[in-house]
Q: 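There's a structure below that I have some questions on.
Each chain gets a letter, A, B and so on, in the order its sequence line appears, and its residues count up from 1. Note that the structure is predicted; figures quoted are calculated from it, not measured.
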Amino acid sequence: MAVSDTQAVAATGRSGGLAVPSPLVILKKYYSVLLLIIVWEVVARLNLVTPFLLPSVSSILKGVYKATLEADLIRDTALTTYRALLSFCVALVIAVPIGISMARIRVIHWFFDPIVSIGFPTPKISFLPIFILWFGLFDRPKIFLATLACTFPIVTATYLGTMGVDKYLLWSARNMGTSENSLLRKVIFPATLPQVLNGAQIAMPISIIVVIVSEMLMGGGGLGNYIMVAQRFADSVSVFAGLLVISVLGYLLQKILEKVRALVLHWHEETQHESK
Amino acid sequence: MADIVARNVRKIYNPDKRYPVLAIDEVSLEVRENEFVAIVGPSGCGKSTLLYMVAGFLDLTAGEIKVNGKPVEAPGPDRGIVFQHFALFPWKTVLRNVTYGLEEQKIPKAEREKIARKHIDMVKLTGFEHHYPSQLSGGMKQRVAIARTLAFDPEVLLMDEPFGALDAQTRGVMQEELLSIWSKRKKTVLFVTHDVREAVYLADRVVIMTARPGRIKEIVDTKFAGYKSTEEVLESAAFAQKTHQIWKSVREEVDKAGPLDG
Amino acid sequence: MTVRSTIVVLWRYAPIFILLAAWQMASELKFVPDSLLPSFFDVVHRWLEFLADGEIAKSGTFLWDAVRSFFASTVVTNTAASMWRGMVGLGLSIILGVTLGIAMAWFQKLRDFFEPIVMISYPIPKPALIPIFIIWLGLGHISKIAVIFAGCLIPIVISAFNGARGVDRYLIWSARNMGTREGKLLWRVVVPASLPDILSGIRMALAISFILLVSSEMLAAKSGLGFLIFFLGESGEYAGMFAAVLTITLLGFFADRAYLTIMRRILIWREE
């Protein structure tokens, strides 16, 4: 209780100096984006290019609105989110123990090191047809493939993080009577956490990408499927609308992960600097 | 309370590899109960290695080290250590860092909070209990590290260049505080430093080590009795003379070590 | 290579050989049906067939025919198609991305203009652009090149920008002090100093380019390894599909290794 109190005080003390940016400041900062949107709208309205090639911004926004009302866009967004998040979480559960044990146990390192060093740089999406062959046509191949793709960056980051734990931190804990067995939980894991989260932040967009590409290729709903169907029906408005929703989804998931990071690593230097 | 006895200690790094390094050779040393002994020597002479062996982090190649009559086998809370770079747990607050060792000693919660707060107060950090290490200055971090180590009440205090990472002013203040804490709570202290003045000022005896392989070159008594204040000690002729003598002795070793170990 | 280092390499990659052996055993012992997992030897056999199936008009000279047939084979033609697309797309994005990134760090006006655009396009999952580029540029080479270009551009811009912005100002001051003129400062100090960031950005882009390449070829192409994988999968030719997947896997791995080697060469001056 006392901890959060002093922190709250410290936080209010800091944010007191920050002014809320006025609309004019935002306008000035993002003028290029606004300009781009205006030029786009004008080009589309004047029919300088066909609406098939470039639908106007307003018609895309209208498209998003209409598709939301018809609920199919919401369903597809939910499907993609579910698949991406599930894969991401399963990958975390699998990858963190592998990464830590690679750093601590020689045999495990020997076994996984060549697999990771070959598997990491290769495009996992090429395994999709194999996964379809093995796991059928519905959710499973999509989720398994995204899980596989997310595993590599998290394993690598966790491994490097565990290897890099300060020797003196470990010595210090042992000096104070921490047993070898509890060293993992009390020191190694928290000290590795920033690196694990780095890996997670790399993995999150990968999970979205793999899910979307497999939806594009396999169907079965989801935003990838949504834009692919729209493209086949030459419905450019829906293609752009889908792209917009996918981008917002990617942005939101990334932001949420950043918030989680700041929350989990509230003790870390980076968090202290940000809030100053 | 305890004493430290090292007999014919030798340490070879990479004994099985192609280039083994003889770091420490035939070191024998006795530190009496409640005595403050400093070790000085050129960089790479193995003074920290010796300290880590007393702490139990490194194995001996030959010889033996006994603390309180028992041979050292593993690290343990009877020998508290303070590192140059603090080694505080960055994810724990000041208070939780200090209670950590007590928790490992299975001391009940209420009591360990009390002990921790007492030690935080002793290093003058009251009010910072709920800060994280990343919010503290170097000097404050080292105070936490000292409070953390003293809190679990080790019989022996091992200090590995504890003030080496601090600026000159902070270092002076910290030295004085360490002395005042030590005079109130006597402990056996083994203190590694490359600052000769610091060693002469703090220690009862100063051990000078040779360039690699580290051996004990000489041991100088540096107890100054009969002075009223710190300033008086620091300004006395005896202090200046001892400092100069030890500095010259270390300097000879630095020159011997040559540019490679510089 | 000495005997000793050969053993070291073999030992290091032994788990891969163990996995391949396990794969072969699983097929031999009928743990899994061939329809789900063709045996490793079948896959290798199919791969060799793909390497020898180049159809050419015989000229009569054996060696010349062999060379021409090699270059007309399924593996080589499709690999070449993929690599051509990938290299052009990635190459263009490197040229434009590095230039733009450094210019943004150097000229405040450019930064004000481009930074919000870059930041807004960063979180777009790049493969979602594929349908749009198909609408714009059709099903040929160009749409794939454009997708790879667009997908790789942003990370390269960001890494070049961060690298150039993070150049130690004392480095710039001391160069000026020694008489480097403003015009040459960029080329002689800023570019080399930001090279580590740029090169690691390009490495990331290399990985992205492979993902985009394979996805776009799977979605819409008549050639390339991605096309081959999907085509063979659809037609139930599983040994061939595995062979194509192995080809792209090895290609991705060796591309990354080669890039890493070059990067280390260039950055030999850097302290580890």
Q: Has C/R12 got more than 12 heavy atoms of other residues, nucleotides or ligands less than 6.0 Å from its CZ?
A: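 Yes, the 6.0 Å shell around CZ holds more than 12 heavy atoms from other groups.
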Q: In terms of ring plane angle, is the pair C/F113 and A/Y31 parallel, tilted or perpendicular, where the classes change at 30° and 60°?
A: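 Perpendicular, since the angle between the ring planes exceeds 60°.
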Q: So how far is it from C/I124 CD1 to A/L243 CG, rounded to the nearest 0.5 Å?
A: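 Those atoms lie 5.5 Å apart.
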Q: Tell me, out of A/F120, A/W110, A/F52, who's got the most heavy-atom pairs with chain C below 4.5 Å.
A: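 Top option by heavy-atom pairs under 4.5 Å: A/W110.
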Q: Using a cut-off of under 4.5 Å for heavy-atom pairs, which of C/L129, C/I117, C/L36, C/V32 has the most such pairs with chain A?
A: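 Most heavy-atom pairs under 4.5 Å with chain A: C/L36.
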Q: Distance-only, no hydrogens or angles: does the A/T122 side chain make a donor-acceptor pair with backbone N or O of C/T249 under 3.5 Å?
A: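 It does not hold such a pair.
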Q: Answer yes or no: does atom CE of C/M119 have more than 12 heavy-atom neighbours from other residues, nucleotides or ligands under 6.0 Å?
A: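 Yes - once you tally the heavy atoms of other residues, nucleotides and ligands closer than 6.0 Å, there are more than 12.
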Q: If you count heavy-atom pairs under 4.5 Å with chain C, which of A/I208, A/I227, A/L249 comes out on top?
A: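 Highest number of pairs under 4.5 Å: A/I227.
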Q: Are any non-hydrogen side-chain atoms of C/L19 and A/F111 less than 4.5 angstrom apart?
A: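 A side-chain contact under 4.5 Å exists here.
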Q: Non-hydrogen atoms of chain A under 4.5 Å away: do they reach the side chain of C/I248, the backbone, both or neither?
A: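 The answer is both parts of C/I248.
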Q: Heavy-atom distance under 4.5 Å to chain C: side chain of A/I206, backbone, both or neither?
A: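 A/I206 has no heavy atom closer than 4.5 Å to chain C.
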Q: Holding to salt bridge (Lys or Arg N to Asp or Glu O under 4.0 Å), I want the full list of residues that pass it with A/D72, two or more places apart in sequence or in another chain.
A: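 A/D72: no salt bridge (Lys or Arg N to Asp or Glu O under 4.0 Å) contacts found.
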Q: Please classify the contact of A/S117 with chain C as side chain, backbone, both or neither, using a heavy-atom distance under 4.5 Å.
A: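 Contact with chain C is through both the backbone and side chain of A/S117.
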Q: What option among A/L217, A/I209, A/I212 has the most heavy-atom pairs under 4.5 Å with chain C?
A: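 Highest number of pairs under 4.5 Å: A/L217.
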Q: Tell me, for C/R257 versus chain A, whether the close heavy atoms (under 4.5 Å) come from the side chain, the backbone, both or neither.
A: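 Looking at C/R257, just its side chain touches chain A.
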Q: Rounded at 0.5 Å granularity, tell me how far CD1 in A/I125 sits from CD in C/E217.
A: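 The distance works out to 13.0 Å.
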Q: Which heavy atom in C/W136 sits nearest to a heavy atom in A/L53, and how many Å separate them?
A: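 Closest pair (atom of C/W136, atom of A/L53, distance): NE1-O, 2.6 Å.
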Q: Find the distance between CG (C/L37) and CH2 (A/W134) and round it off to the nearest 0.5 Å.
A: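 With rounding to 0.5 Å, CG (C/L37) is 5.5 Å from CH2 (A/W134).
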Q: Below 4.5 Å, heavy atoms only, C-beta onward: do A/Q254 and C/P123 meet side chain to side chain?
A: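 Not in contact.
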Q: To the nearest 0.5 Å, what is the distance between NZ on C/K109 and OG on A/S32?
A: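 The distance works out to 14.0 Å.
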Q: Between C/S216, C/P125, C/S215, which is the residue that forms a side-chain contact (heavy atoms from CB on, under 4.5 Å) with A/V213?
A: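 Output: one option passes, namely C/S215.
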Q: May I ask you to list the residues in residues 230-238 of chain C that approach chain A closer than 4.5 angstrom, counting heavy atoms only, ordered by number?
A: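 The list, in residue order, reads C/F230, C/Y238.
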Q: I'd like to know which of A/V33, A/I202, A/L128, A/V49 tops the heavy-atom pair count under 4.5 Å against chain C.
A: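 Maximum pair count with chain C is reached by A/V33.
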Q: Would the number of heavy atoms belonging to other residues, nucleotides or ligands and lying under 6.0 Å from CZ of A/F144 be above 12?
A: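 Yes, CZ of A/F144 has more than 12 neighbouring heavy atoms, counting only those of other groups under 6.0 Å.
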Q: Picking from C/L206, C/I208, C/L250, C/V214, which has the most non-hydrogen pairs under 4.5 angstrom with chain A?
A: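 The answer is C/V214.
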Q: Atom CZ in C/F254, atom CD1 in A/I118: separation rounded to 0.5 Å?
A: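 Answer for the CZ-CD1 pair, C/F254 versus A/I118, is 7.5 Å.
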Q: Checking C/A128 against chain A: side chain, backbone, both or neither under 4.5 Å from a heavy atom?
A: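 Interface part for C/A128: both.
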Q: Using a 6.0 Å cut-off, check whether atom OH of C/Y13 has over 12 heavy atoms from anything other than its own residue.
A: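 Counting other residues, nucleotides and ligands, OH of C/Y13 exceeds 12 neighbours.
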Q: Are side-chain heavy atoms of A/M216 and C/P131 found at a separation under 4.5 Å?
A: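 Yes - at least one pair of side-chain heavy atoms lies under 4.5 Å apart.
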Q: Is the number of heavy atoms from other residues, nucleotides or ligands within 6.0 Å of CE (C/M83) greater than 12?
A: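 Atom CE in C/M83 is not packed in, count stays at 12 or less.
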Q: So, do A/M228 and C/L219 sit near enough that their side-chain heavy atoms are less than 4.5 Å apart?
A: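 Yes, close enough: below the 4.5 Å cut-off.
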Q: Using side-chain contact (heavy atoms from CB on, under 4.5 Å), reason through A/L133 and C/M241 one step at a time and then give a plain yes or no.
A: CA-CA 11 Å; A/L133 179 63; C/M241 176 178 86; 4.2 Å; yes
Q: Verify the neighbour count for atom OH of A/Y251: are there more than 12 heavy atoms of other residues, nucleotides or ligands below 6.0 Å?
A: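 No, not enclosed.
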Q: Tell me whether the count of non-hydrogen atoms from other residues, nucleotides or ligands lying under 6.0 Å of CE in C/M204 goes above 12.
A: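 Yes, enclosed.
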Q: Out of C/G252, C/A207, C/G226, return the one with the most heavy atom pairs under 4.5 angstrom to chain A.
A: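 When all of C/G252, C/A207, C/G226 are compared, C/G252 has the most.
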Q: To the nearest 0.5 Å, what is the distance between OG (A/S126) and CD1 (C/I229)?
A: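 Answer rounded to 0.5 Å: 4.5 Å.
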Q: Under 4.5 Å between any side-chain heavy atoms of C/L213 and A/P123, yes or no?
A: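 C/L213 does not reach A/P123 side chain to side chain.
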Q: With a 4.5 Å limit on heavy-atom distance, are the side chains of C/D112 and A/K29 in contact?
A: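 A side-chain contact is absent here, since even the closest heavy-atom pair is not under 4.5 Å.
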